[in-house]
**Q** 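A single structure is presented below for examination.
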Amino acid sequence: MTQTINTDQEMLPVMEHFYTIQGEGYHQGRAAYFIRLGGCDVGCVWCDVKDSWDAAKHPQLNIETLVSTVKKTPAKLIVITGGEPLMHNLDALTAALQSKGFETNIETSGAHPLSGSWNWICLSPKKFKAPLPEILPLANELKVVIFNKSDFDWAEQYAALVSPSCRLYLQPEWDKAATVMPLMIEYIKEHPKWELSLQLHKYIHVP
Ligand code: SF4
């Protein structure tokens, strides 16, 4: 797979951007403007946005244009996702957003160095490329996708490494939800530090 890592802080490869409802994790249910950046080298077999992987397939958008587009909506919360958004330097994007009063959240696997200024970091570690150790204490939320039974032990390994205030979520992999949900319900009842995250947006049919 060919990857283009953009080091120009003024332009970013944007796969899509849209105003919707955050469907996952701590901010589930809140109106949020999503900016999905192109580029990912993590390679999750069950990835539902494989089109994002090759950054070169997506148009480079100027940060100022992006911010002014967001400003035309009533959005307060901006979610930067991907792909793996930390394949890009996000300092300029988050500075521009925060200077306009937006709340900046990121959803990341943590596999690349952290950049940007964040109101909330959702760390979703992946088995296919481990997060860098330095992001673990900075995560506000740990979200582990459950694909099979062995993922509970794997989730616990990361729960032991994040800060005590980090919120802990287990989320079923969409295509495995029917199989793993009963296991997850029992697991969370037995281990109540975890909460259930559903991909609410898929149930209400919004992007
Ligand atoms: S990190 Fe996200 S975008 Fe990248 S392969 Fe995994 S699920 Fe897909």
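Just follow the structure's listing: the first ligand is 1, and inside any ligand the first atom is 1.
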**Q** Heavy-atom pairs closer than 4.0 Å: do any link ligand 1 to the side chain of W53, the backbone, both, or neither?
**A**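 The side chain, only.
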
**Q** Answer yes or no: is there an ion pair linking R36 with E16, defined by an N-O contact shorter than 4.0 Å?
**A**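 Answer for the salt bridge query: yes.
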
**Q** Name the closest protein heavy atom to atom 3 (S) of ligand 1, giving the residue it belongs to and the distance to 0.1 Å.
**A**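 Its nearest protein heavy-atom neighbour is G83 N, 3.5 Å.
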
**Q** Taking NZ, NE, NH1 and NH2 as the nitrogens, is one of them in K129 or E84 under 4.0 Å from a carboxylate oxygen of the other?
**A**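 Salt bridge flag = no for E84 with K129.
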
**Q** Once you measure the plane-to-plane angle for Y187 and F152, does it fall in the parallel (<30°), tilted (30-60°) or perpendicular (>60°) bin?
**A**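 Taking F152 first and then Y187, their aromatic rings lie parallel (interplane angle under 30°).
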
**Q** With atoms numbered from 1 as shown, which atoms in ligand 1 lie under 4.0 angstrom from a non-hydrogen atom of G43?
**A**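 In order of number, 5 (S).
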
**Q** Checking a contact table here: which protein heavy atom is nearest atom 8 (Fe) of ligand 1, and how many Å away?
**A**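 Of every protein heavy atom, C47 SG, 2.3 Å lies nearest to atom 8 (Fe) of ligand 1.
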
**Q** Report the part of C40 (side chain from C-beta onward, or backbone N, CA, C, O) that has a heavy atom under 4.0 Å from ligand 1; answer both or neither where that applies.
**A**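 Side chain only.
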
**Q** Specify whether Y33 and Y19 have parallel, tilted or perpendicular ring planes, treating 30° as the upper limit for parallel and 60° as the lower limit for perpendicular.
**A**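 Correct class here is parallel.
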
**Q** Determine whether a donor-acceptor pair (N or O, by modelled atom type, separation under 3.5 Å) exists between the side chain of H88 and the backbone of G38.
**A**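 Flag set: sc H88 to bb G38 pair under 3.5 Å.
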
**Q** For atom 6 (Fe) of ligand 1, what is the nearest protein heavy atom, given as residue, atom name and distance?
**A**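 Answer, as residue, atom name and distance: C44 SG, 2.3 Å.
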
